[in-house]
Amino acid sequence: NFRPTTVNGNTPMEKTRYQSSSKKVVPLNDWAAVQCQTSVNWSSGSWFWNNLSGGLSHQIEHHLFPSICHTNYVYIQDVVEDTCAEYGVPYQNEPSLLVAYVKMLRHLRYLGRGEDLMEEKKRV
């Protein structure tokens, strides 16, 4: 029985988990939490980008609910984001595709160099 796992701590794409004020705890290898931690939304709530991208601007909702029509992602986004906050699971939502793309390139650069994230942040 295969179950994906994650690392608890700091990663180049921000923290994988944070302390929630709630008492609800999600295992590190929880399928839904992994989907949220490894996906990034961009321009969420934008009718234009949601329709032009075919829903790809809502990656988190797409990975959680792949069979839902992309036109409904904007309606479930708030519920997913609130649920993530309730359980201490990061919900990454960038203001634009450009910002998400730049962060992805920084992440790839970090992985290629193998340097400490904090050192990279000091240089930027």
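- There is no side-chain donor-acceptor pair under 3.5 Å between Asn72 and Glu61.
- Under a hydrophobic clustering in which Ile, Leu, Val, Met, Phe, Trp and Tyr are joined whenever their side-chain heavy atoms come within less than 4.5 Å, directly or via other members, Trp31 and Ile68 fall into the same cluster.
- The distance from the CD atom of Gln35 to the CD atom of Gln59 is 10.5 Å, given to the nearest 0.5 Å.
- With rounding to the nearest 0.5 angstrom, the CD1 atom of Ile76 is 12.5 Å from the CD atom of Glu81.
- Residues Gln37 and Val89 are in side-chain contact: their nearest non-hydrogen atoms beyond the backbone lie under 4.5 Å apart.
- Val99 belongs to no hydrophobic cluster, as no Ile, Leu, Val, Met, Phe, Trp or Tyr side chain comes under 4.5 Å of its own.
- Put simply, the side chain of Asn93 reaches to within 4.5 Å of the side chain of Gln77, judged on heavy atoms.
- With side-chain heavy atoms closer than 4.5 Å counting as contact, directly or through intermediates, the hydrophobic cluster containing Tyr75 also holds Val74.
- Under the 4.5 Å side-chain heavy-atom criterion for grouping Ile, Leu, Val, Met, Phe, Trp and Tyr, Leu56 is not connected to Val40 through any hydrophobic cluster.
- How far CD of Glu94 is from OG of Ser57: 13.0 Å, rounded to the nearest 0.5 Å.
- Residue pairs that meet the ring pair (Phe, Tyr, Trp, His ring centres under 6.0 Å) test with at least one member in residues 32-70, sequence neighbours left out, are Trp42-Trp49.
- For the pair Cys36 and Cys84, the tightest heavy-atom approach, listed with the atom from each and the gap, is SG-SG, 3.6 Å.
- No hydrogens or angles considered: nothing links the side chains of Asp30 and Tyr87 as a donor-acceptor pair under 3.5 Å.
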Next on the checklist: Is there a side chain to side chain contact (heavy atoms under 4.5 Å, CB included) between Thr71 and Asn51? Walk through the geometry before answering.
Outcome noted: CA-CA 7 Å; Thr71 58; Asn51 285 292; 4.1 Å; yes
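- The distance from the CG atom of Leu97 to the OG atom of Ser46 is 11.5 Å, given to the nearest 0.5 Å.
- Taking every heavy atom of both residues into account, Asn41 and Ser44 meet most closely at CB-OG, 3.2 Å.
- Note: Tyr73 OH to Ile60 CD1 = 12.0 Å, rounded to the nearest 0.5 Å.
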